Amino acid sequence: MRIATFNINGLNARLPALLQWLEEKQPDVACLQELKTPHEKFPEEAINAAGYQAIWHGQKSWNGVAILVRGTEPVVEAGRGLAGDPEDAQSRYIEAAVNGVLIACLYLPNGNPAPGPKFDYKLQWMERLILRGAELLASGSPVVLAGDFNVIPTELDVYKPERWVNDALFRAETREAFGRLMAQGWTDSLRSMHPDEKIFTFWDYFRDAYGRDAGLRIDHLLLSPSLAGELKAAGVDRDVRGREKPSDHAPTWIELDR
DNA sequence: ATGTCGAATCGAATTCGA
């Protein structure tokens with residue numbers, strides 16, 4: 001079973017790129033973030049024609065998440081939205097059960113500029129995710145937390161750490177909260193398969209960041225303890241970032257033995 | 001500070017968020 005996460009940065013603008021990648025890689029599950037489209041403008045027919053069923057949580061202009069599943073099996077929906085703040089109108093979280101695995105697709109807030117209200121929102125959102133993570137682990141179900149976490153976990157995950165120490169993606173508060181999530185027992189699948197490699201999943205559009213390989217590793221697939229032993233491979237489809245009209249993220253994937 | 005995208009707007013350029 002192959003599960004991928006891909007911040008698409010505008011689903012309708014990027015639909016040809018998405019369809020090409022799905023056709024090439026045929027992941028069993030694809031978690032998408034930054035759809036930037038309202039619910040009713042989701043390109044469901046094109047995605048169905050590509051062989052995928054989808055559930056999504058859209059929003060006008062910003063955010064938006066979706067889970068695509070290959071084949072004819074309907075997606076069993078577990079929920080939209082992250083509990084803990086009834087005032088939160090941003091579409092950043094969706095869960096689905098696929099082949100016995102609970103898949104959570106998330107788009108964690110960027111949080112810049114920091115400090116400030118956007119950073120506060122990010123940290124509060126992380127606390128809510130930590131609570132949901134504990135619930136999911138307590139359920140005993142196999143779980144994958146997949147998405148754009150907007151968190152650079154360590155210095156190995158950024159091309160030039162000293163430039164990012166005050167950025168919301170790398171600040172001490174952010175890494176501390178991410179560390180508390182990980183301490184629940186999650187496995188960082190990319191890092192566990194490649195302990196010492198510099199691996200990036202995002203390259204800014206500015207200043208030819210991709211050409212200079214000035215990237216970040218901020219897209220993650222975290223595995224519950226019950227799934228960690230099933231991890232067979234993990235990687236990044238880097239070349240997708242180098243194509244025409246690319247997203248600023250590359251698809252990131254794992255292969256599970258199931 | 002810079003730079004570049006996508007989406008939306010009392011639009012044909014500007015803003016917002018990233």
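Chain identifiers are assigned alphabetically (A, B, ...) following the order of the sequence lines, protein sequences preceding nucleic acid strands; residue numbering begins at 1 within each chain. Computed from a predicted model, the values in this text were never measured in an experiment.
- Between A:E255 and A:K232 there is no salt bridge, since none of the side-chain N atoms of the basic residue sits less than 4.0 Å from a carboxylate O of the acidic one.
- Side-chain nitrogen and oxygen atoms of A:K60 include at least one within less than 4.0 Å of the OP1 or OP2 phosphate oxygen of B:dT9.
- Not a single donor-acceptor pair under 3.5 Å links the side chain of A:T187 to the backbone N or O of A:S189.
- Between the CG atom of A:N150 and the P atom of B:dA18 there is a distance of 8 Å, rounded to whole Å.
- Distances shown here put every side-chain N or O of A:R163 at or beyond 4.0 Å from the OP1 or OP2 atom of B:dA1.
- In this structure, the NE2 atom of A:H249 is 14 Å from the P atom of B:dC5, given to the nearest Å.
- B:dC5 and B:dC10 have their P atoms separated by 26 Å, with the value rounded to a whole Å.
- A salt bridge links A:R217 with A:D188: the distance from a Lys NZ or Arg NE/NH1/NH2 to an Asp or Glu carboxylate oxygen falls below 4.0 Å.
- Atom CZ in A:F206 sits roughly 12 Å away from atom C1' in B:dG6 (whole-Å rounding).
- The side chain of A:R207 sits closest to B:dG3 out of B:dG3, B:dA18, B:dC5.
- B:dC16 and B:dG11: their C1' atoms are spaced 15 Å apart (whole Å).
- Checked against the 6.0 Å centroid threshold, A:H57 and A:Y107 do not count as a close aromatic pair.
- Here B:dC5 is the nucleotide among B:dC5, B:dG3, B:dT9 with the atom lying nearest to any side-chain atom of A:Y205.
- Atom CZ of A:R212 is separated from atom P of B:dT4 by 12 Å (rounded to the nearest Å).
- Residue A:K245 places its side chain closer to B:dG6 than to any other of B:dT9, B:dA18, B:dG6.
- One atom, CG of A:N63, and another, P of B:dG17, lie 11 Å apart when rounded to the nearest Å.
- Between B:dA18 and A:K36, no contact under 4.0 Å exists linking OP1 or OP2 to a side-chain N or O.
- Nearest-nucleotide positions on DNA chain B place A:K41 closer to the 5' end than the other of A:Y107 and A:K41.
- Residue A:E40 qualifies as enclosed at atom CD: its count of foreign heavy atoms under 6.0 Å is above 12.
- The interatomic distance linking A:Q59 (CD) with B:dA8 (P) rounds to 11 Å, in whole Å.
- Taking 90° from 0 as the syn/anti boundary, the base of B:dA12 is oriented syn.
- Protein atom CH2 of A:W203 is 16 Å distant from nucleotide atom P of B:dC5, rounded to whole Å.
- Look at CG on A:D204: it is 8 Å from C1' on B:dA18, rounded to the nearest Å.
- Across B:dG3 and B:dG17, the matching C1' atoms stand 15 Å from one another, rounded to whole Å.
- A:R80 forms no cation-pi arrangement with A:Y93, by the criterion of a distance under 6.0 Å to the ring centre and an angle within 45° of the ring axis.
- Using cut-offs of 30° and 60° for the angle between ring planes, the A:F149 and A:F178 rings count as perpendicular.
- Ranking B:dA8, B:dA18, B:dG6 by closeness to the A:P38 side chain, first place goes to B:dA8.
- Considering A:R238, A:K160, A:K198 as possible partners of A:D213, the one that fulfils the salt bridge (charged side-chain N to carboxylate O under 4.0 Å, His left out) test is A:R238.
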DNA chain B in dot-bracket form (Watson-Crick or G-U pairs under 3.5 Å, [ ] crossing, | inter-strand) is ...((((((...))))))

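- Comparing B:dA7 with B:dT2, their P atoms are spaced 25 Å from each other, to the whole Å.
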